[in-house]
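We're numbering straight along the sequence, starting at 1. In this text, all values refer to a predicted model and were calculated from it rather than measured experimentally.
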Amino acid sequence: DTPPSAEEAARQPPKIRHFFPATGKSRRGAELSLGPVIGPLLHRCPGVYIQGLYCVDGMGNVVFERKLSSAAVRAAEDLVAEFEVSIVGYDG
């Protein structure tokens, strides 16, 4: 038996009873890393993302979100200015 192509697998999602992602990645990053078969399932199940800073229920509603404080953002901006570097941050 040969494994199904991504297109075939997407037409018939796997029969998974329970799926609950918990990852350090963003929801989109997790979706992309799980591929075309499993990735789209993230929009139909609860999950924990960005090391627990962003959590959603099975309907995609945010049930917990922790953002950086204004002081932390200012400190990061100061580092960027002082060292002339680029940084990436998440803010919803």
Side-chain angles (χ1 to χ4, degrees):
D1 282 338
T2 60
S5 69
E7 292 82 21
E8 292 169 339
R11 282 194 300 272
Q12 293 186 359
K15 294 178 182 178
I16 297 175
R17 296 190 111 182
H18 303 284
F19 182 65
F20 184 90
T23 178
K25 295 181 179 189
S26 67
R27 191 174 187 187
R28 180 72 173 144
E31 178 185 0
L32 293 174
S33 70
L34 290 170
V37 177
I38 303 296
L41 296 177
L42 297 184
H43 297 281
R44 300 192 313 244
C45 66
V48 176
Y49 303 95
I50 312 172
Q51 306 292 37
L53 297 177
Y54 183 76
C55 305
V56 294
D57 64 14
M59 302 298 291
N61 300 306
V62 177
V63 295
F64 178 80
E65 184 173 30
R66 181 122 190 224
K67 296 183 179 184
L68 293 173
S69 68
S70 296
V73 172
R74 269 192 305 282
E77 291 172 337
D78 291 345
L79 285 173
V80 167
E82 181 179 346
F83 294 103
E84 298 181 352
V85 296
S86 297
I87 61 172
V88 177
Y90 171 79
D91 187 23

Thr23 and Ala30 have their tightest heavy-atom pair at CG2-CB, 4.0 Å

Same cluster or not: Phe64 versus Val62, using hydrophobic residues (I, L, V, M, F, W, Y) connected whenever any side-chain heavy atoms lie under 4.5 Å apart? no

Identify the heavy atoms of Tyr54 and Glu65 that sit nearest to each other, and give their distance. CD1-OE2, 3.8 Å

Are Val37 and Leu41 connected, step by step, through hydrophobic side chains (Ile, Leu, Val, Met, Phe, Trp, Tyr) whose heavy atoms are closer than 4.5 Å? yes

Where do Gly35 and Pro40 come nearest, in terms of heavy atoms and distance? O-CD, 3.6 Å

What heavy-atom pair brings Asp57 and Met59 nearest, and what distance separates the two atoms? OD1-N, 2.9 Å

Given the rule that I, L, V, M, F, W and Y join up when any side-chain heavy atoms are under 4.5 Å apart, are Val63 and Leu53 in one cluster? no

Check for me, please, whether Ile38 and Leu32 land in the same ILVMFWY cluster - side-chain distances under 4.5 Å, paths through other members count. no

Does any non-hydrogen side-chain atom of Leu42 lie less than 4.5 Å from one of Leu34? yes

Minimum-distance pair of heavy atoms, taken over all atoms of Ser26 and Ile50: CA-CG1, 3.8 Å

Side chains of Arg27 and His43: does their closest heavy-atom pair fall under 4.5 Å? yes

Could you walk me through whether Arg74 and Glu77 pass the salt bridge (charged side-chain N to carboxylate O under 4.0 Å, His left out) check? CA-CA 5 Å; Arg74 269 192 305 282; Glu77 291 172 337; over 6 Å; no

Looking only at heavy atoms, which two atoms of Phe20 and Gly47 are closest? And how far apart? CE1-N, 3.9 Å

